[in-house]
Structures are given as structure tokens and as C-alpha cells.
Amino acid sequence: MDENIFIGDYEIPPGKRQRLELPLARLFTGTPLGVPVTVVNGRHSGPRVFLTSTLHGDELNGIEIIRQVMSRLSAKNLRGAVIAVPVVNVFGFVHQTRYLPDRRDLNRSFPGSKRGSLAARLAHLLMNEVIQQCDYGLDFHTGSHHRSNLPQIRAELENEAIRSLAEAFSAPLIIDANSINGSLRGAARNVDIPVITYEAGQPLRFSSSAISEGINGSLRVLEHLEMIEPSEETSPPLPAAEPLIASKTRWLRASRSGIFRLATNLGDRLEKNQILGEISNPFSSKVYKIRARHDGVIIGYTNNPLVHQGDALLHLAEV
């Protein structure tokens, strides 16, 4: 039998599903605000995995991914436990913005502090009540600031446990990327908890393809960890192709201001000097071609055609 799980004032025994709320803060109106958590504590022993989303309040795809993954889990049959926090940054989520009210980036505030800023307190709460109770983690994100991302996993591939999670998830692209100081993934890595980050889609939008990739990848990870039984009826389909592996990415930036017209799509393979789009002055017929500076794959781009000199246009990976 697995053990009871303790989160906040709640105790979840084996074989139970529990929806709870972690008290976080009070608004200046006195209204309490909490972080919603769903726990499925399996009847049988096994690993504990956390699923987190919306550390940035405008990144929504992970909410639907987690909802659908959790709906397919049964405490009666699950080995181990899954702890899901679909909306971590509840402040940003309510206001449809990336940041917290203090303008801090939650995903640069880990492991947090009990007496620090609002971001630090939220990071500390999640770290102590959820992350450090788990053996593995999946963290869901989208592009930011009007940008779309190709479904991709970001992970430190030199770590065998992390690499096995990334390969089991089997997103179209795996980026071998060191964790950033202050990120959830980095803080978990520092306490030897393997975590991979799934990036797909754009903020404040649902993408059916990004959500589908996320659901299938998450279920493949749970199967890989032997937490759920594979079956012909419920197992996620195998990916159509082996994931591409990238060790270097770079942004192609606007050389001048104007209106940007994109001439390519996410996932397209590129050759050096290939035309990717053009920039023009809205009052002139003169256009300036944007070309690839090296071979690679498009893994992200801006959706906003109005650009200033130096703005990020396309995110390219060398594979």
C-alpha cells in the first residue's frame, strides 16, 4: 500500500481522490485566495508525480492538458500518486496577465521564501507542499508576449532520469537546455527531483494540437513510470516520428521596424539563406527580406506583425 499524502491541512489516504485549496493570501478587500490542487493517491505503491501549469497567468494550454489527464486516472488502479496544480499563479490567471501583482516572474522566484515577496511566498508554498513531496514532475508552459511555440520539451539531457522522461514524453522536439536560475525546473533539479518542461502554443489561447500532444506525452510518461497500465483502448498513440534533438536555439531579430509578414510555419525545416518573411513600411512598397542565417527548424515566432528594430521574430533550433 502507498502512504497517506499530507498537503496543508489535508490528509489523502491511498485509493482516494481529493480536491483541495492551499491558502495563499488575502486580497486587500479581505477576500481569501488559494491555490487549487487535485490529488489522486493510488491504491498501489509507486512514484509520485506533480503536474503544474500557469506559473505565468496567461499560459492556458496546460490547464486543459492537466484536466484531461486527471480525468483518465483512477485511484483504484493508479500506482503511486499524481498531484496536479493546474493554476499556480492564480493572481495572473484572474487578471489574464503573465506576472503577479508585484510584477515579478514566478518562474524566476524559486525556491522562494516564506517571508519574501508575493512571488517568493507562492514559490515557497508550491515547493514545500507539492514539489518536494514528489519523485518527478511535468511543468506546462506556452509561448509568451504574442508568441507561438512548437510543441517541445526542455530538459537537461545529461541527467539520465530527466532524459528518460523527455524521451518517454516524445514531443516533436526536445531541447537540451540547462535550467534557469529561479525556475521551477532548476529548483527541483537542485533537490534531485527530475522535471521536464513542455512548451506549446501561445498565451491566452487554446491550441488543440498543443493540448493533444501534451495529453499524450503525459500519459506516455505515466506509462513509462509504470503508474498506469498500457492498453489498446486507452494508451496514447505513438508519435509519427522520432523527436528531433536540439542543443542550440537562437532568436532571429528584426533589423528594422515595420510590418512583419511571416512566410513559414512552426516545425518547418530551414536551409541557410532561405526567405522566412519580410518587413515593410506601412506607407511604402519597398520590402526587406528576412533570411535564415543557418540550417534549422522553426520552433517559435511572433504573432504580432507590428515590430520594432530588435524585436524577436522567429525562434530557430539547430538540430
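Since this is a predicted model, take the numbers as computed values, not measurements.
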Less than 4.5 Å apart, side chain to side chain, heavy atoms only: is that true for [X] and [Y]?
| X | Y | result |
| --- | --- | --- |
| Asp268 | Val297 | no |
| Thr249 | Glu318 | no |
| Arg17 | Leu73 | yes |
| Leu22 | Tyr10 | no |
| Val35 | Val85 | yes |
| Glu278 | Ile290 | no |
| Arg48 | Gln133 | yes |
| Leu24 | Leu125 | yes |

Next on the checklist: Out of the candidates Glu226, Glu229, His44, only one should pair with Arg79 under the side-chain hydrogen bond (donor to acceptor under 3.5 Å, both in side chains) rule; please name it.
Outcome noted: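 Of all the options given, the one that passes is Glu229.
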
Checklist outcome for this item: From the list Thr97, Asp105, Asn89, Thr142, side-chain hydrogen bond (donor to acceptor under 3.5 Å, both in side chains) with His56 holds only for Asp105

Atom pair [atom1]/[atom2] of [X] and [Y] - distance to nearest 0.5 Å:
| X | Y | atom1 | atom2 | result |
| --- | --- | --- | --- | --- |
| Ile65 | Phe140 | CD1 | CZ | 5.5 Å |
| Ser53 | Ile63 | OG | CD1 | 5.0 Å |
| Ser144 | Tyr99 | OG | OH | 7.0 Å |

Side chain of [X], backbone of [Y]: donor and acceptor closer than 3.5 Å?
| X | Y | result |
| --- | --- | --- |
| Thr54 | Pro86 | yes |
| Thr31 | Leu27 | no |
| Ser284 | Asn281 | no |
| Arg220 | Pro237 | yes |
| Asn61 | Ser207 | yes |
| Arg108 | Ile180 | no |
| Glu21 | Pro36 | no |
| Ser212 | Ser209 | no |
| Asn303 | His146 | yes |
| Glu213 | Ile211 | no |

Item to check | Asp295 vs Leu270, side-chain contact (heavy atoms from CB on, under 4.5 Å): CA-CA, chis, key distance, verdict | outcome: CA-CA 5 Å; Asp295 295 350; Leu270 309 174; over 6 Å; no

Are [X] and [Y] linked by a side-chain donor-acceptor pair shorter than 3.5 Å?
| X | Y | value |
| --- | --- | --- |
| Arg261 | Ser280 | yes |
| Gln309 | Ser255 | no |
| Gln96 | Asp58 | no |
| Thr197 | His141 | no |
| Thr52 | Asp139 | yes |

Next on the checklist: Applying a strict under-4.5 Å side-chain criterion to I, L, V, M, F, W and Y, I'd like to know whether Val221 and Leu173 cluster together.
Outcome noted: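 No, no single cluster joins them.
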
Next on the checklist: A quick test of your reading: do over 12 heavy atoms of other residues, nucleotides or ligands sit less than 6.0 Å from CD of Glu158?
Outcome noted: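 Atom CD in Glu158 is crowded, with more than 12 foreign heavy atoms closer than 6.0 Å.
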
